[in-house]
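These notes concern the structure reproduced below.
Only this structure's heavy atoms are used, side chains among them; waters, hydrogens and symmetry mates stay out. Sequence lines set the chain letters: A, B, ... in the order given, protein chains first and strands last, and positions in each chain run from 1. All values derive from a computational prediction rather than experimental measurement.
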Amino acid sequence: MQEIEKKWQERWEAARIFEPSTDSSKDKFYLTAAFPYPNSPQHIGHGRTYTITDIYARYMRLKGKNVLFPMGFHVTGTPVMAMAKRIAEEDQEVIEIFEKIYGIEKDTIRNLTEPTRLVMHFSNEIESGMKEMGYSIDWRRKFYSNDAAFNKFIEWQFFKLMKKGYITKGEHPVPWCPVANTAIGAHDTKGDVDPEIEEMLCILFRYRDGFIVCATYRPETVYGVTNIWINENATYVKATDGKRKLYMSKDAVKELSLQLELKIEEEIAGKQLIGTEAKNPITDELVPILHADFVDPSNGSGAVMSVPAHAPYDYLALRDAGLEDKYQLKQVLQLDGFGPYPAKEICEKIGIKSQKDERAKDATQEIYKKEAHSGIMVCGEFKGLKGVEAKEKIKQKMLNEGKAFTIYEIANGPIYSRYGGKVSVKIVKDQWFIDYGNPEWKKKAQECLKRMKILPEKTRKDYEYTIDWLKQKACTRSTGLGTKFPFDSDKMIEALSDSTIYMAFYTIAHIAKKMKEEELTEELFDYVFLGQETEKKLPPQAKEMRREFEYWYPLDSRHSATDLVHNHLTFFIFNHTAIFGEALWPRQIVTNGFVLMDGKKMSKSMGNILPLKAAIGKWGADAVRLAIVSGADLAQDTDFNQPAIEGILARMKFLKSAMEKYAAKRDDEKKEQADLWLLSRLHRRCLKVDELYQNLQIRELTLELFYNTVNDLQWYLKRAKEPKLREFFEIWTVMVSPFIPHFAEEIWEKLGKKIYVGDSPFVSIAKMPRADLSKISDEIEDAEEYISKIKEDIHNIMGLLKKEKIECIQLFVAARWKWRLMEIVQNEKSFEASIKKAVQDEEIKTHAAEAQKLIQIYLKNKDANIKRGQDFELMALNSAVHLLETEFKCGQVVIKKEEETEIQKARNAVPGKPAILVV
RNA sequence: GUGGGGGUGGCAGAGCCUGGUCAAAUGCGCCAGCUUGAGGGGCUGGUGCCUUUAGGGCUGCGAGGGUUCAAAUCCCUUCCCCCACACCA
């Protein structure tokens, strides 16, 4: 198996059939799949997208298109660096994964401590895996996203974006490691936790010579504050931000040092604050400062505004302090099913003992959720609004009036980075953005989307939604591989921003990578990609580059897994509309779901990752290709399991042996019923398959081209006295070749000179056969279906008779008058009318009693609708005598008309169902 | 929370947009028979329940309602699962 595959891969490569050149006499088709990120080996999940892309590429080639399918490698950003670093530090977790799951040699792993070595190792691994899969890729255009030539291209892209005003600069909160002094992503944290940033509002209560700062998630409840909680055991400080004095916990000042510039002026023991009063900035009420155990000085500001009516902790703290009666609870929101004080109610209902009770947390969650959603404000300026709406309004109002400011917290903390620091939030100044919020740009992106074909079509909504909410996207990072940000050389362009229009680069990559870096100027790219002439002298390759780009662009199809819809693919749309004219906007996006292993998600922790190369080694590329695409529709996740792939191998074996036995001779002479049937099915399939390919209905295609075809073939071999499969294999091999190209090539070669389809040295570059409509026959197919039903019926009857051996099968086709009667029923539709009409027929009249029963039966199954007549049934049955004799091992099969016999059983015959007598 | 996608037989997975031909394709699994030195493999049949020298009936496509002569399919309500939400490839 694998040797055959290797043979064909070598021949394809030697013949360079997947290295297209610009050829204006041929229609081009340009497609790309998301380029891989080589920081680990590829597994069968990656294979799904590429296989689908390859199937599509191969189909288009069969349709006579000049197809370009290139591939490159994405090495931008920090994951490669992080991975190399972990290996250098001999991180056992990583090493174990590489060894155990991917089966990489220890010595090899030890060598991967440098990002570049790591990249080269895995990109080679991925590339050779893709070759082993038989992907029809033009490897001449391969590049890495940190190649100098590509860097120049990305720089050029950012010049263009800047000129359009799509690059902006500002502040941005990021998860930050104070030890490594860098922004942190999930892959930089211990346990691969994705840090979530949450916004809190700090409300300023006037206090002494400044303000006491209360951090809250629920500013709308500021109307219901009865007091302020602090922790008397913590240290508090008076600090200044330059404009005003702020009272907060010492720990909070430390936590917030990456966000606020605070200077501590004075330390104050928590105890000293107890009993003093502060002023609510909204209601102007004076509220006392009290102690509560639940207050965590390192969280928020270390001071909490107390709203006991709506916050269980606040209520519990009040009760614990025995102050429940001293302070009147104040209702802010009205909640259906609750009285004025939901927090109190829920605590009493569940029976929460104190603020230290674990269940207080759940109660808090429940109340917060309900109030935000269905709570209605009953006081203040925003009376009548829903909780969430009021929250937003109040926040804005207080911010505008300087009564509050925002801070950010790690919501799912504490998180520790791999560098050892506790992750907190830093406000990055000088953060550069791509402004996807620009309304004109948005409009263009929407327009582009509207013109594009999206497969599966139902994902279109996801794009619409994403285009809509996308705002400023940070496009630089302080570290990482890739391209330097041209407007601030300290920064690197991050990975999702340098991969938006690289499809354009493939068209010239094979030329650009041989050029000097300084030749790749803005003017050159302006000329190549935008057609702008310049007075400057361009390098001699410029014209060729322009020709390549003009020929291949726009991109006809973009392929990826569904997870990239919400970022990469949408950025891809945006950037194309920004850089290129409408005529060069992409035409289509195709996305697919993931591959599951035995029903479960593949994951490192479960250890159920199947590396692609291991799978090929075990089952061969063709079987793997089919297995990872055949299980489900595009949108769905598909399951990979052993029984399925073994089933595929068994069928391939069957097909091969059928080909070897029966495909030798011409089969246009001496056709029997079964031949006509098989060809009818084949050509009908040919017609259908073309449409399925157009819309990449992969699952349906594999069903038609593989599973159902095998079933047909099995039926045919049973039916045909003298099987002849030449025409069948010539046509089928071409149709199925996009899925199992090596297998198809092998058959194609064995078939020798083709008779029924155009010959070509490779099936990969043959012509998709056209369906011969004259060979498609409903009647013949109906007859076969009819026969197979009769066969089933006979089986049933034998089961009932519990007969092992039978001597004779007698079949009685219904009398002609029964057809006439059925026709009457179909026209008249009611019993009364039918019987009236029926008795006008002399023959039916003589069978009046029987006719009455029949009418009732016909009326019941009015969909039975037997189109064909008695002659048809006789013909079909006669053609099946041989089949029935062998199938049931009986010496005699007698076929008669009902009219010709006196046997009582024959009266049971109805149109479509002959009476069967088994002796 | 917001947005999107789903819940079908032992399992996977079609069908549902364009209601009837749906007890529900196809595959896997399971059962039986044949083949085979056994095993594997192959072939044939069966695989919701009941009934039957026949092609019949009943229940059924997350739950509950509704529309209709007719619903897995349309409408409403409800429960549950999955995915995405940004500086991360």
Side-chain angles (χ1 to χ4, degrees), chain A residues 34 36-37 39 74-80 172-175 183-188 194-197 368-369 372-373 388 428 431-434 436 456-466 468-477 480 494-497 499 562-568 570-571 593-594 596 598-599 601 630-633 635-639 641-644 646-648 650-651 653-654 699-700 702-704 706-708 711 714 718 789 792-804 857 860-865 887 905 908 910 912-913 915-918:
Chain A
Y37 197 90
N39 69 341
H74 198 198
V75 296
T76 305
T78 52
V80 162
H172 194 62
V174 294
I184 291 291
H187 56 269
D188 304 309
D194 197 15
E196 287 165 38
I197 293 180
Y368 277 22
K369 204 168 154 183
H373 218 48
V388 271
V428 177
Q431 176 63 57
W432 295 84
F433 299 93
I434 298 180
Y436 294 117
E457 172 62 29
K458 60 182 160 194
T459 50
R460 185 179 293 276
K461 284 179 196 152
D462 288 285
Y463 292 98
E464 283 167 358
Y465 177 74
T466 311
D468 208 48
W469 71 248
L470 222 47
K471 293 188 204 75
Q472 296 198 316
K473 150 89 187 151
C475 64
T476 58
R477 272 193 82 161
E494 63 81 44
L496 284 171
S497 299
S499 58
T562 39
D563 56 335
L564 297 186
V565 169
H566 301 272
N567 45 56
H568 162 73
T570 303
F571 300 155
F594 301 111
L596 307 174
D598 297 315
K601 207 166 179 171
S630 66
D633 282 341
Q636 248 72 45
D637 290 350
T638 189
D639 191 40
N641 55 64
Q642 188 130 341
E646 276 164 5
I648 289 167
R651 284 176 179 80
K653 205 170 132 196
F654 166 77
R699 161 122 188 140
E700 187 78 15
T702 55
L703 223 56
E704 285 292 335
F706 198 69
Y707 295 96
N708 290 347
N711 290 351
Q714 281 173 336
K718 209 181 295 171
K789 262 194 192 150
E792 267 174 47
D793 283 347
I794 296 173
H795 266 293
N796 279 337
I797 290 164
M798 282 177 61
L800 291 168
L801 291 177
K802 298 194 174 65
K803 256 195 180 181
E804 303 253 309
I857 292 172
K860 239 181 185 171
N861 316 312
K862 43 192 167 216
D863 302 310
N865 190 22
E887 179 80 21
K905 195 96 202 165
N908 281 336
V910 294
K913 282 190 179 286
I916 300 167
L917 183 60
V918 178

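- Considering only residues two or more places apart in sequence or on other chains, A:Arg460 meets the salt bridge (Lys or Arg N to Asp or Glu O under 4.0 Å) condition with A:Glu457.
- Among residues two or more places apart in sequence or in another chain, the ring pair (Phe, Tyr, Trp, His ring centres under 6.0 Å) test is passed with A:Phe433 by A:His172.
- Comparing B:U78 with B:G7, their C1' atoms sit 14 Å apart, to the nearest whole Å.
- Using a 4.0 Å heavy-atom criterion, one finds that A:His568 contacts no nucleic acid atom at all.
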Collect all protein-nucleotide pairs involving nucleotides 80-85 of chain B in which both atoms are nitrogen or oxygen and the distance is under 3.5 Å.
| residue | atom | partner | partner atom | Å |
| --- | --- | --- | --- | --- |
| B:A84 | O2' | A:His566 | ND1 | 3.3 |

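- A:Asp462 pairs by the side-chain hydrogen bond (donor to acceptor under 3.5 Å, both in side chains) definition with nothing, not counting sequence neighbours.
- Judged as a salt bridge (Lys or Arg N to Asp or Glu O under 4.0 Å), and not counting sequence neighbours, the contacts of A:Glu700 are A:Lys688.
- With sequence neighbours excluded, no residue forms a side-chain hydrogen bond (donor to acceptor under 3.5 Å, both in side chains) with A:Asp563.
- Partners of A:Tyr465 by side-chain hydrogen bond (donor to acceptor under 3.5 Å, both in side chains), not counting sequence neighbours: none found.
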Could you list all N or O pairs between the protein and nucleotides 23-27 of chain B that sit under 3.5 Å apart?
| residue | atom | partner | partner atom | Å |
| --- | --- | --- | --- | --- |
| B:A25 | N1 | A:Arg699 | NH2 | 3.3 |
| B:U26 | O2 | A:Arg699 | NH2 | 3.4 |
| B:G27 | OP1 | A:Asn711 | ND2 | 3.3 |
| B:G27 | O3' | A:Arg651 | NH2 | 3.3 |

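- Residues that satisfy the side-chain hydrogen bond (donor to acceptor under 3.5 Å, both in side chains) test with A:Thr702, not counting sequence neighbours, are absent from this structure.
- Across all strands shown, A:Lys471 has heavy atoms under 4.0 Å from base atoms, whether or not it also approaches the sugar-phosphate.
- Of the candidate nucleotides B:G42, B:G5, B:C88, B:G42 has the atom lying nearest to any side-chain atom of A:Ala650.
- When rounded to the nearest whole Å, the span between CD of A:Glu646 and C1' of B:G41 equals 11 Å.
- Where A:Thr459 and A:Glu700 each meet RNA chain B at their nearest nucleotide, the meeting point lying more 5' is that of A:Thr459.
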